[in-house]
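Report on the structure given below.
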Amino acid sequence: MKINNQIIEKHGLKLEEYESIKKLLKREPNLLELGIFSAMWNEHCSYKSSKIHLKKLPTKGRQVIQGPGENAGVIDIGDEDAIVFKIESHNHPSFIEPYQGAATGVGGILRDVFTMGARPIALLNSIHFGSPSHIKTKSLLNGVVSGIGGYGNCIGIPTVAGETKFNETYNENILVNAMAVGHAKKNKIFYSKAKGLNKSVVYVGSKTGRDGIHGASMASAEFDENSEEKKPTVQVGDPFTEKLLMEACLELMKDNSIISIQDMGAAGLTSSSVEMASKGGLGIELKLDKVPCREENMTPYEMMLSESQERMLIILEDDKEKEAKKIFDKWDLDFVIIGKTTDTNNLTLKFKNEVVGEIPIEALASKAPLYDRKWSKKNSRKNKINIKSLKKIKIEDALIKILSSPNHSNKSWITNQYDQSVMCDTIQKSGSDAAVIRIHNKDKAIAVSVDSSANYCKSHPITGGKQIVCENWRNLTAVGAKPLAITNCLNFGNPENKEIMGEFAECLEGIKEACEFLNYPVVSGNVSFYNGTNNKNIYPTPVIGGVGLIKKLSQPISHNFKKDNSIIILIGKTFGHIEQSCFLKENYSIIDGMPPEVNLVNEKNNGECLLKLMNTNLILSAHDISSGGLITTISEMALTSNYGAKINKPKKLTNIFEYFFGEDQARYVIEIERKNLPKVEKIFKENNIYYENIGITQKNYLEIQDELKINTKDLFKINNEWYNNY
Amino acid sequence: MKSSVIVFPGSNCDRDIAVALEKMQFKNTMVWHKETKLPKSDLIVIPGGFSYGDYLRSGAIAGKSLIINEVIKAANSGCLILGICNGFQILTETGLLKGTLLRNKNLKFINKDVHIKVINNNSKFSKKYNENQILKINIAHNEGNYFTDPEHLIKLQDENLIVFKYCDEDGNINEKSNPNGSINNIAGILNSKKNILGMMPHPERMVDEIISNKDGVNLFSSLLN
Amino acid sequence: MKLILEKLFQSNSKKNKLKFSIIVTLKKDVLDPQGKVVQNTLVNLGMDDLKSIRQGKHFEIDLNESDEDIAIKKIDEMCKKLLVNLIIEDYKINKIK
Amino acid sequence: MKLILEKLFQSNSKKNKLKFSIIVTLKKDVLDPQGKVVQNTLVNLGMDDLKSIRQGKHFEIDLNESDEDIAIKKIDEMCKKLLVNLIIEDYKINKIK
Ligand SMILES: Nc1ncnc2c1ncn2[C@@H]1O[C@H](COP(=O)(O)OP(=O)(O)O)[C@@H](O)[C@H]1O
Ligand SMILES: [Mg+2]
């Protein structure tokens, strides 16, 4: 087949890019080679638009064993233990087929983690849907949630935390980000870098079918009206096979037979083989006749570009094939030597004794295009909202509006569909600031949370970027964990648009600043561009997934009030920042102005002081303040316990709505025993912490003097109604 | 006491039950499904999970495995058998327990802590509980909706073969406290000879205070002689 | 009362209820993990002659509708709206009686 | 080599492979939670004429066997041994080709 412009475009390549391909090859590629270039050079694999910005992120620290660049990041949690984690997007496939899209998203991220030698111990997800009233939303929500559950439950890894948000910006482009966390031994981490000549390249796992051919290009292409018609062969997840693959790989990893291992993710066999070879500075030769195929008459093109799930590529030490095969036989999985490492520095593809494709590895990897795309700074609206000019409402009504809104409703409808307890190490499940997972057989635990704030990022990307890192850090701190490192999933619109590219650059600037200041490095991540339809881009939605350490396990801190008549303290300064608040959005449909300012010094100080208090057992319960402000936080502490609270009216601040609903950062609400007040205050003063004693807990009622009195059982009902009636 | 835990491809609560058994001082052995001999054991546990992906019908394919013949032999000679969740489904598929487990009435996977009432504390599996004791225990399943024919249901009642029923916090057994649609709120049953217990809730998840509670402990200690 | 009468009348006038069967199958080339496992199991049980098995769904539908064309249209709508996942599944409607 | 020849020969002699469809339905008295929910959903979607819907399974089987009687026997065995839970399900075998 002669390659023409149409074919080039169909492969998602620009004509200039095709010219570079010819230059690199010093000839015209054949169709197979073109397909391989298109897979490797698209945004998803090459990071061509994002790379120069990603380079700015802090990725180092004493806690970091492996930063970005491998299948997942690795951090040190003391003793011989390491935690391996990463987040990844599966947005476009999930919009087309929500169940399978979400399921295979979970499957893919799990492989990234167990490829590195870690047993997965927790799953998280961040899912964003369009407006609840949009016709597609309900079935997408249903499909995505049961897909996530379907995969995680079957494979037997608890899904312990996440976030679920609705915003019309996602009407035609939902976000499904899945994060996996695994536990490994520090000295038993496996990498993808190939080493040595003439080593066997082994294919293990499921057979290759015509699944998602060009899925990687699809993931990087904008939707248009026809995309529902295009219907690429959807990848179907097979969690059962993944479970077998995971057990088999972990079993093989017990001895020293693996040189390098890499899962087949986006762009399947192509990207996995190229990645191993390029990292090792080697060539690789594949005999495609050997590839286990599910369908008859599959072509080299199809084999190289198939995105069939539950497959891995392994490079083995000499003479280990037999032993290794035994393990895969035991688990009823294919195990086939399909090639070897070479010194040619080429990817060489043979089929029926003929070379059907030959490409220099570096042309696919290091010489892939790199763009410094134009970007523009955001011109943020600095509008101030004057609450007094708005229609008068009662605090109670405003609070009910928030607690019963889709975004703030209790998520049990979702989380009850996930097995959160399997593996018997889940100490704290969904519903708290962060989930807490014990390290098996150990007296320590990790805390995990994922967070995003698209509205903040839209209105002022730098602040928004900083804010999510802080919120994530705060969520871990609130359960008594020392935050260690993050992974991030950067969901943005079309990078060829300079405003979108600006949102990207500035969000990253904010993330970088916060991570640097908090010593909270980025160890892995994923970029998803082209989220949008017909030139309508989604709001910038970077998602942060954080991992923290609880060194010595006692009962972790949860956020429900524990006792009657204990003291409630607000940590951090309240300015009453009401712009971009949930209060204005839910009650007045106003989304305007700047997000709350982020003060990294206060953030760090307040959080570290809170950890000190926790380590001296002075805290009964704690909850960070985020969307919805102080009163929403207090309500959440009340509605899951039998205790309410009696809160004083603010003395200084003029406007009571700004005080109770403002979303100023770096704040927490804590509950302490009366008798401990002097000790706690002393620690606050020593550490220069601004705090206010705002009230006490009491039985059954949440109360603000003269303003509000509401039964906690009613609060619970209000908070649960929306999902149950949706 | 010696116990064996049968491991199928796709079992995923096998480690959890092994940890619980060892914590309760059982001497436990894991048995891979392809094996044809069972080690000598006083208790055989078929754990939860998704054996063979729960494809076809949950428990159906595991019910055809080699080792199951040995389990059936052991059961017939009076060995104690405990099937939890997927294990219960496998036991009904092999016919060791009657009835079947259909999809949950809401067609969704359900994971949460529910309450169950000890209906019969006169069995080897439940003797350490009090009659009518209310336990809080975790369930996690897609197909836990127990169904059986009217005659068998009568038999279950007459011969006191129902060990656990779903109830609410105060012990009320009704439709509202029935999480999955099981007939008569049944959560766990015995065979006529009372040496086989199948139950959907997960007692192995309830043996550690820091994780949950200890309401599952007495099931295991009942089995220790 | 009026309502009940009307309903009675309605169902009388449509006495000849129609019955349909719908067979939903996975599209060609779409992975069928269930079928795969079932196939392996059958082969292990000694069924060597089995070449392939694919699993699908079946629905049996009774309609209060005596006009066959209308009925089929309705069934087709049900398939498209709920019963079938058109992205990965095909379906066939058969009249049983 | 011998093995390959034998295989070739085998598959030649049984050229007329047969294809069957099996429909597995829940027995009448068995609760069908899935069918029930589907039915409610369809009625909520406005399908008032729906009288009842029951969900079952469908298998499509290719056999390396040209003798129809033998084939049906084999399929029947597959049903009894694995595909059908005879306590709660009924089944029907149809030849497709
Ligand atoms: N899709 C989901 N999967 C699992 N847990 C979820 C999901 N959505 C929300 N949650 C849980 O619900 C709780 C509330 O979420 P959120 O309001 O985002 O918390 P926070 O404001 O503390 O970050 C958290 O414990 C979170 O883990
Ligand atoms: Mg929080």
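Lettering follows sequence order; numbering is per chain, from 1.
Remark: N12(B) CG to I155(A) CD1 distance equals 9.0 Å, nearest 0.5 Å. One finds the CG atom of N104(B) at 10.5 Å from the CD atom of Q417(A) (value rounded to the nearest 0.5 Å).
Only one option out of I211(B), I139(B), N111(B), D113(B) pairs with S421(A) in a side-chain contact (heavy atoms from CB on, under 4.5 Å); it is N111(B).
Within 6.0 Å of the NZ atom in K330(A), the count of heavy atoms belonging to other residues, nucleotides or ligands exceeds 12. The 12-atom threshold is exceeded at OH of Y723(A), counting heavy atoms of other residues, nucleotides or ligands nearer than 6.0 Å. Annotation: K562(A), atom NZ; neighbour count of heavy atoms from other residues, nucleotides and ligands within 6.0 Å is above 12. The environment of NZ in K326(A) is sparse: at most 12 heavy-atom neighbours from other residues, nucleotides or ligands sit within 6.0 Å. The environment of NZ in K108(B) is crowded: more than 12 heavy-atom neighbours from other residues, nucleotides or ligands sit within 6.0 Å. Atom NZ of K127(B) is surrounded by more than 12 heavy atoms from other residues, nucleotides or ligands within 6.0 Å. Residue-environment remark: CD (E175(B)) stays at or below the threshold of 12 foreign heavy atoms within 6.0 Å. When the shell of 6.0 Å around NZ of K185(A) is examined, it contains more than 12 heavy atoms from other residues, nucleotides or ligands.
Residues D332(A) and K34(B) form a side-chain contact, since some pair of their non-hydrogen atoms from C-beta on lies under 4.5 Å apart. The shortest distance between side-chain heavy atoms of V422(A) and D16(B) falls below 4.5 Å.
Between F240(A) and Y52(B), the two ring planes are tilted [angle within 30° to 60°].
For S641(A), the side-chain contact (heavy atoms from CB on, under 4.5 Å) partners two or more places apart in sequence, or in a different chain, are N560(A), F561(A), Y643(A).
At a 4.5 Å heavy-atom cutoff, the contact between V19(B) and chain A is made by side-chain atoms alone. Proximity to chain B (any heavy atom under 4.5 Å) is shown, for I157(A), by neither the backbone nor the side chain. Only the side chain of L244(A) comes within less than 4.5 Å of a heavy atom of chain B; its backbone N, CA, C and O stay farther away. For D54(B), no part lies under 4.5 angstrom from a heavy atom of chain A. Using a 4.5 Å cut-off between heavy atoms, R205(B) contacts chain A through both its backbone and its side chain. Only the side chain of D208(B) comes within contact range of chain A, with heavy atoms under 4.5 Å apart. Residue S212(B) does not touch chain A at all, counting heavy-atom pairs closer than 4.5 Å.
A pairwise comparison of heavy atoms in G53(B) and C154(A) identifies CA-SG, 4.0 Å as the closest pair. D238(A) and Y55(B) get closest at one heavy-atom pair: OD1-OH, 2.7 Å.
Within the structure, ring pair (Phe, Tyr, Trp, His ring centres under 6.0 Å) pairs that include any residue of residues 8-40 of chain B comprise W331(A)-W32(B) (at least two apart or interchain). Within the structure, every pair that satisfies the side chain to side chain donor-acceptor pair (under 3.5 Å) test and touches residues 141-155 of chain A, not counting sequence neighbours, is listed here: Y151(A)-E242(A), Y151(A)-E310(A).
Of residues 83-93 of chain B, no residue lies under 4.5 Å from chain A by any heavy-atom pair.
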